[in-house]
Amino acid sequence: MSDFRSRRTGPGAVEPLFLDGPAGPLFALHRPPDGTRKIAVLWLPPFAEEMNRSRPMAVALGRALAARGIGILLLDPHGTGDSAGDFVAARWEIWREEAVAAIDWLIARGYRRVVPLGLRLGACLALDAAARAPAHVSRVVLWQPVLR
């Protein structure tokens, strides 16, 4: 996890930030690419403890993508991680709106296309968000999606 908290500045340096979400501030980590901003991945995490266990892999993925010229935004949905709200107040509709807001944020930062990448339950969220932002989404990656 220390790689995402790097104190380095410039391309590839990690930017911890809070986005304005529909239900309150959303914590996110943005790692811009080493180069021009053309494509960004929006990481949509799995649910509950799977989210915590997948963090090291998400960090490694962000580092690898940035080195290949792809930015990444790791999002803590409402009621999870360091975002506002209590877990019991989390709702699918809120998470979906937050994912779309994150896509909009990436586009506003100069990325031309966004690839939502969802792990487990996050895969369902990636599909739902992509359907609401088709002009900016070039493809969707589903990693071990929850099918039932």
Side-chain angles (χ1 to χ4, degrees), residues 1 4 11-148:
M1 199 129 154
F4 254 93
V14 176
E15 303 167 5
L17 53 101
F18 283 91
L19 303 176
D20 291 329
L26 299 172
F27 181 75
L29 293 171
H30 176 234
R31 183 185 290 269
D34 297 335
T36 60
R37 295 180 182 190
K38 294 181 181 176
I39 298 174
V41 167
L42 171 60
W43 170 263
L44 297 167
F47 184 67
E49 190 56 31
E50 287 181 340
M51 179 182 176
N52 296 330
R53 293 176 183 251
S54 69
R55 283 272 189 214
M57 186 226 7
V59 169
L61 175 66
R63 189 174 45 246
L65 289 173
R68 288 165 180 79
I70 300 170
I72 188 168
L73 182 70
L74 280 71
L75 186 66
D76 285 356
H78 178 80
T80 69
D82 291 316
S83 288
D86 293 323
F87 186 69
V88 297
R91 298 290 178 267
W92 186 262
E93 295 76 19
I94 294 171
W95 287 355
R96 181 182 57 222
E97 289 177 37
E98 292 169 344
V100 171
I103 291 170
D104 292 341
W105 185 89
L106 288 163
I107 295 298
R109 295 306 168 284
Y111 292 101
R112 289 188 223 150
R113 304 299 268 168
V114 177
V115 178
L117 185 161
L119 176 62
R120 307 278 298 135
L121 185 65
C124 299
L125 186 56
L127 282 175
D128 204 1
R132 284 164 170 69
H136 303 302
V137 173
S138 58
R139 47 183 58 91
V140 180
V141 178
L142 311 178
W143 194 336
Q144 290 186 328
V146 174
L147 300 175
R148 291 186 246 186

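Being a predicted model, the structure only gives us computed values, none of them experimental.
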Which distance, rounded to the nearest 0.5 Å, do you find between the [atom1] of [X] and the [atom2] of [Y]?
X: Leu125; Y: Arg120; atom1: CG; atom2: CZ; result: 14.5 Å
X: Asp34; Y: Arg68; atom1: CG; atom2: CZ; result: 10.5 Å
X: Glu50; Y: Gln144; atom1: CD; atom2: CD; result: 8.5 Å
X: Trp105; Y: Leu26; atom1: CH2; atom2: CG; result: 12.0 Å
X: Phe27; Y: Leu17; atom1: CZ; atom2: CG; result: 7.5 Å
X: Leu117; Y: Leu74; atom1: CG; atom2: CG; result: 9.5 Å

(message) For Val114, run the side-chain contact (heavy atoms from CB on, under 4.5 Å) check against Leu106, Asp104, Val41 and tell me which one passes.
(response)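 Filter result, single survivor: Leu106.
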Taking all non-hydrogen atoms of both residues into account, name the closest pair between [X] and [Y] and its distance.
X: Gly62; Y: Arg31; answer: O-CD, 3.2 Å
X: Leu44; Y: Ala126; answer: CD1-CA, 3.5 Å
X: Ala66; Y: Pro32; answer: CB-O, 3.7 Å
X: Pro77; Y: Thr80; answer: O-OG1, 2.6 Å
X: Tyr111; Y: Gly71; answer: OH-CA, 3.6 Å
X: Ile94; Y: Ala23; answer: CG2-CB, 3.8 Å

(message) One thing to verify: whether Asp76 and Arg55 come together as a salt bridge, which I'm taking to mean a side-chain N less than 4.0 angstrom from a carboxylate O.
(response)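 Here Arg55 pairs with Asp76 in a salt bridge, since their nearest N and O are under 4.0 Å apart.
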For the residue pair [X] and [Y], establish whether any side-chain heavy-atom pair is separated by less than 4.5 Å.
X: Ile70; Y: Val115; result: no
X: Leu119; Y: Trp43; result: yes
X: Trp92; Y: Cys124; result: yes
X: Pro46; Y: Leu121; result: no

(request) Please say whether more than 12 non-hydrogen atoms of neighbouring residues, nucleotides or ligands are located less than 6.0 Å from CZ in Arg139. (result) no
(request) Take atom CZ of Arg132 as the centre, draw a 6.0 Å sphere, and report whether it contains more than 12 heavy atoms from other residues, nucleotides or ligands. (result)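 Yes, because the 6.0 Å sphere around CZ of Arg132 holds more than 12 heavy atoms from other groups.
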(message) Would the distance check show the side chain of Glu98 and the main-chain N or O of His78 forming a donor-acceptor pair, the cut-off being under 3.5 Å?
(response)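 Yes.
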